[in-house]
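Below: the structure, in structure tokens.
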Amino acid sequence: MQNKHVFSICAYKDSPYLEQCIRSLTGQSVKSRIILCTSTPSSYIEELAEKYKLPLFVREGVSNIRDDWNFAYAMAEADFVTIAHQDDVYHKDYTACLLKAAARYRDMTVFTTDYVILKNGRILAGEPMLWVKRLLRLPLRIPALNHIRLIKRLPLMFGNSICCPATSYNKKVLGEPFVDSDYSFALDWDNMLRLADTKGRFVCVERPLLYYRVHDEAATKACIGDRRRETEEREMFARFWPGPVVELLMRFYCQAYKEYS
């Protein structure tokens with residue numbers, strides 16, 4: 001029988017934060033099924049899967065974000081799927097809020113929440129970029145409007161205000177593949193724009209139900225270092241705005257990259 005909700009954890013190499021992520025999911029106030037998925041199998045990952053009695057699925061082939069996410073999504077047999085990132089920590093009420101929203105909005109295709117940054121053991125909740133993203137997500141909090149295509153696109157026009165690991169997807173409605181994008185960094189933004197064009201409701205619960213970890217080994221920092229992030233975000237902005245506006249937005253966003261320094 002299909003589960004209502006599955007956390008599908010993407011495990012990459014031997015992250016020292018993976019167990020904390022698992023514990024935050026096993027400690028949910030409302031239980032969900034949890035699975036581990038990886039394209040970099042190791043004894044470390046296998047031992048954690050055994051310790052917490054989690055099904056472990058291994059993808060063959062070269063690791064990359066798109067294929068790893070699509071595999072993790074495909075392995076989750078559920079109405080709603082959350083692609084959990086191994087470095088992050090989930091609030092104990094995440095599943096409860098998701099299922100409450102799903103029961104209230106039968107046409108909900110995407111569920112998301114607020115998040116805070118976890119950096120060097122400190123929680124950062126008042127950063128300017130976080131407040132900007134909260135403002136951009138405001139339209140998704142209006143039930144009378146958040147099923148409309150334009151309203152779903154608004155939070156994506158000035159940047160991607162929807163945090164991927166804080167988001168769950170209605171697999172029963174959206175089907176597969178999860179991601180169809182050629183980007184290596186902005187693929188979640190590109191994907192959310194595609195989903196905004198599909199029929200269904202985007203629902204945002206503006207509670208910080210995810211602790212998004214920033215650290216030196218994170219993929220985001222690598223994408224900043226080789227300028228992939230800047231290149232891809234510039235291309236995404238160009239879908240909405242003329243050149244001068246794109247340059248103004250990129251100036252603001254490049255300042256925000258300092259969060260990862």
- Note, Tyr73 side chain near Pro177 side chain (heavy atom, < 4.5 Å): no
- Query: Where is the tightest heavy-atom contact between Tyr44 and Ser15, given as atom of each residue plus distance?
  - Reply: OH-O, 2.6 Å
- Roughly how far apart are Ile162 CD1 and Leu140 CG, rounded to 0.5 Å? 5.5 Å
- Task: Compare all side-chain heavy atoms of Asp188 with those of Asn160 and state whether any distance is below 4.5 angstrom.
- Result: yes
- Task: Would you please say whether a donor-acceptor pair under 3.5 Å links the side chains of Asp68 and Ser39?
- Result: yes
- Query: Is a donor on one side and an acceptor on the other found under 3.5 Å between the side chain of Asn64 and the backbone of Asp67?
  - Reply: yes
- Query: Where do Leu124 and Glu127 come nearest, in terms of heavy atoms and distance?
  - Reply: CB-CG, 3.9 Å
- Main-chain N/O of Phe158 paired with Trp241 side-chain donor or acceptor, under 3.5 Å: no
- Identify which one of Tyr211, Phe7, Tyr212 satisfies the ring-ring contact (aromatic ring centres under 6.0 Å, His included) criterion when paired with Tyr90. Phe7
- Can you name the closest pair of heavy atoms from Ile45 and Leu36 and give their distance? O-CD1, 4.2 Å
- Task: Decide whether Met129 and Leu138 are clustered together by the hydrophobic rule: side chain heavy atoms of Ile, Leu, Val, Met, Phe, Trp, Tyr closer than 4.5 Å, transitively.
- Result: no
- Begin from the C-alpha positions of Ile151 and Ile142 and carry the test side chain to side chain contact (heavy atoms under 4.5 Å, CB included) through to its verdict. CA-CA 9 Å; Ile151 298 302; Ile142 305 173; over 6 Å; no
- Message: Quick check: do Phe178 and Asn191 have side-chain heavy atoms less than 4.5 Å from each other?
- Response: yes
- Message: Before you tell me yes or no, could you show the steps for Phe111 and Phe80 under ring-ring contact (aromatic ring centres under 6.0 Å, His included), namely the whole-Å CA-CA distance, both residues' side-chain angles and the distance that decides it to 0.1 Å?
- Response: CA-CA 9 Å; Phe111 170 85; Phe80 285 90; 8.1 Å; no
- Message: Please check: side-chain N/O of Thr198 versus main-chain N/O of Leu195, any donor-acceptor pairing under 3.5 Å?
- Response: yes
- Message: My understanding is that a hydrophobic cluster links ILVMFWY residues whose side chain heavy atoms are under 4.5 Å apart, including indirect links. Using that, what else belongs to the cluster containing Trp131?
- Response: none
- Within one Ile-Leu-Val-Met-Phe-Trp-Tyr cluster: Leu118 and Val116, side-chain cutoff 4.5 Å: yes
- Message: Using modelled atom types and a 3.5 Å cut-off, is there a donor and acceptor pairing between side-chain atoms of Asp107 and backbone atoms of Arg201?
- Response: no
- CG of Asn120 to CZ of Arg213: how many Å apart, nearest 0.5 Å? 10.0 Å
- Task: Take Arg251 and Glu247 through the test salt bridge (charged side-chain N to carboxylate O under 4.0 Å, His left out) and record every step on the way to the result.
- Result: CA-CA 6 Å; Arg251 188 178 305 173; Glu247 293 308 312; over 6 Å; no
- Task: Check the pair Glu233, Trp189 against side chain to side chain contact (heavy atoms under 4.5 Å, CB included), reporting the backbone distance first and the verdict last.
- Result: CA-CA 9 Å; Glu233 288 186 334; Trp189 187 1; 3.9 Å; yes
- Query: Are Met192 and Leu249 linked, directly or through other ILVMFWY residues, by side chains that come within less than 4.5 angstrom of each other?
  - Reply: yes
- Item | Point-to-point distance, once rounded to the nearest 0.5 Å, from CZ of Arg33 to OG of Ser8 | 9.0 Å
- Task: Tell me, with the steps shown, if Cys97 and Leu209 meet side chain to side chain contact (heavy atoms under 4.5 Å, CB included).
- Result: CA-CA 9 Å; Cys97 289; Leu209 299 179; 3.8 Å; yes
- Thr38 side-chain N/O to Ala11 backbone N/O, donor-acceptor pair under 3.5 Å: yes
- Consider only side-chain heavy atoms of I, L, V, M, F, W and Y, link residues closer than 4.5 Å, and tell whether Val110 and Leu145 are in one cluster. yes
- Query: How about Asp197: does its CG atom have over 12 heavy atoms from other parts shown lying under 6.0 Å from it?
  - Reply: yes
- Message: Please check: side-chain N/O of Glu232 versus main-chain N/O of Tyr183, any donor-acceptor pairing under 3.5 Å?
- Response: no
- Message: Is it true that, when you exclude Glu176 itself, more than 12 heavy atoms of the residues, nucleotides or ligands shown sit nearer than 6.0 Å to its CD?
- Response: yes
- Message: For a 4.5 angstrom cut-off between non-hydrogen side-chain atoms, does Leu18 reach Ile9?
- Response: yes
- Might you confirm whether atom NZ of Lys31 has over 12 heavy atoms from other residues, nucleotides or ligands at distances under 6.0 Å? yes
- Smallest heavy-atom separation, Lys171 atom then Ala74 atom, equals NZ-O, 3.2 Å
- Within-4.5 Å side-chain heavy-atom neighbours: Asp88 and Tyr115: no
- Is a side-chain donor-acceptor pair under 3.5 Å present for Ser168 with Tyr94? yes
- Is the backbone N or O of Ala84 less than 3.5 Å from a side-chain atom of Thr82, with the two atoms forming a donor-acceptor pair by type? no
- Query: Are there more than 12 heavy atoms of other residues, nucleotides or ligands under 6.0 Å from atom CZ of Arg239?
  - Reply: yes
- Query: Can you name the closest pair of heavy atoms from Pro139 and Asn146 and give their distance?
  - Reply: O-CB, 4.0 Å
- Message: More than 12 heavy atoms of other residues, nucleotides or ligands under 6.0 Å from CG of Asp180: yes or no?
- Response: no
- Message: A side-chain contact here means heavy atoms from C-beta on lying under 4.5 Å apart; do Arg134 and Leu130 qualify?
- Response: yes
- Task: Go through the structure and list residues passing salt bridge (charged side-chain N to carboxylate O under 4.0 Å, His left out) with Glu46, not counting sequence neighbours.
- Result: none
- Shortest non-hydrogen pair, Lys152 vs Ala196, comes out as CE-O, 3.2 Å
- Value for CE (Met250) from OG1 (Thr231), rounded to nearest 0.5 Å, stands at 8.0 Å
- Task: Give me the one residue out of Lys133, Arg207, Arg137 that meets salt bridge (charged side-chain N to carboxylate O under 4.0 Å, His left out) with Asp114.
- Result: Arg137
- Query: Is Lys51 paired with Glu47 through a side-chain N to carboxylate O contact shorter than 4.0 Å?
  - Reply: no
- Has the side chain of Gln20 got a donor or acceptor atom that lies under 3.5 Å from a matching backbone atom of Val89? no
- Leu154-Phe252 co-clustered via ILVMFWY side chain contacts under 4.5 Å: yes
- Looking at side-chain heavy atoms only, is the closest gap between Arg66 and Asp182 below 4.5 Å? yes
- Query: How long is the span from the NE2 atom in His91 to the CD atom in Gln28, to the nearest 0.5 Å?
  - Reply: 9.0 Å
- Considering only Ile, Leu, Val, Met, Phe, Trp and Tyr, and joining two whenever side-chain heavy atoms are under 4.5 Å apart, list the other residues clustered with Phe57. Val6, Ile35, Phe71, Met75
- Going by heavy atoms in the side chains, are Met236 and Leu156 under 4.5 Å from each other? no
- Message: Can a side-chain donor-acceptor contact be found between Ser32 and Thr95 if the only test is distance below 3.5 angstrom?
- Response: yes
- Message: With rounding to the nearest 0.5 angstrom, report the CZ to CZ distance, Arg228 to Phe185.
- Response: 9.5 Å
- Glu19 side-chain N/O to Leu48 backbone N/O, donor-acceptor pair under 3.5 Å: no
